[in-house]
Amino acid sequence: MKKIAIASLLALMAVSASALEVGVTTTSDYSGDGKRAVGGVTIGHSYGKLSATAGFERFNSEGTDRDRYSLVGGYEVAKVGPATVAVKTGVAYLNNQTIANGYALTVGAGVSVPVTKQVSLNVDVARQYGQERVSQFDGNRVTAGVSYRF
């Protein structure tokens, strides 16, 4: 019984020490035939140097309307003054309105700068590599956003 109580206490401490973030983003997508600007929302969770972020973006463009759902993991590698630099990798599902749907891998880096204890500004640069059926959306992405930490 003591082992269960100790394990439960450790799990509670781990959850309470972590932070939940919600954010609003804008992305410049340089994939395919040109640059597209989109908006999105994120929800993330961090513990120590590790983080996980789920995101949704809606692309409205002539002939290539799509929704992008993503899950990205990050690892903090450096601090430069108040800014935190992290390497990131993740997967995305592209739900295209006019062509085939598919999955993509993203690899990149991001910088987060705290404005207050709860608010931070974020900039990410990533490269997307998709399945052959969605490879026309392969390319670079630059995302900027604001996050609120609970």
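FYI, side chains are in, hydrogens and waters are out, and symmetry mates aren't considered; it's all heavy atoms of this structure.
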Residue pair V142 / V125: nearest heavy atoms and the distance that separates them: CG2-CG2, 4.5 Å
Separation of Y103 OH from L94 CG (nearest 0.5 Å): 10.0 Å
Exceeds 12 heavy-atom contacts within 6.0 angstrom, atom OH of Y75: no
Considering all heavy atoms, the nearest T25-V41 contact: OG1-N, 4.2 Å
Distance, nearest 0.5 Å, that separates CZ of R58 from CZ of R66: 10.0 Å
Shortest non-hydrogen separation from R133 to G102 and the atoms involved: NE-CA, 3.8 Å
Nearest-0.5 Å distance that lies between atom OG in S51 and atom CD in E21: 8.0 Å
Atom pair OG1/CZ of T106 and R127 - distance to nearest 0.5 Å: 12.0 Å
For S112, the option from N122, T84, D124 that meets side-chain hydrogen bond (donor to acceptor under 3.5 Å, both in side chains): N122
Heavy-atom pair with the smallest gap, counting every atom of E76 and G48: OE2-O, 3.9 Å
Non-hydrogen side-chain atoms of F150 and V22 separated by less than 4.5 Å: yes
Residue pair V146, L121: steps toward the side chain to side chain contact (heavy atoms under 4.5 Å, CB included) verdict: CA-CA 5 Å; V146 176; L121 301 175; 3.7 Å; yes
Co-membership, hydrophobic cluster, residues L50 and V111, 4.5 Å side-chain: yes
Heavy-atom closest pair, residues R141 and F59: NH1-CZ, 3.7 Å
Closest heavy-atom pair and its distance - N140, D29: O-OD1, 3.7 Å
Separation of Q118 CD from Y148 OH (nearest 0.5 Å): 4.0 Å
hydrophobic_cluster_shared for I43 and V119, side chain cutoff 4.5 Å: yes
CG on D138 to CD on Q131, rounded to 0.5 Å: 10.5 Å
Backbone N/O of V38 and side chain of T26: donor-acceptor pair under 3.5 Å: yes
Exceeds 12 heavy-atom contacts within 6.0 angstrom, atom CZ of F56: yes
L20 with V115, same ILVMFWY side-chain cluster at under 4.5 Å: yes
Check: V85 and V77 side chains under 4.5 Å, non-hydrogen atoms: yes
Student check: side-chain heavy atoms of N96 and Q136 closer than 4.5 Å: no
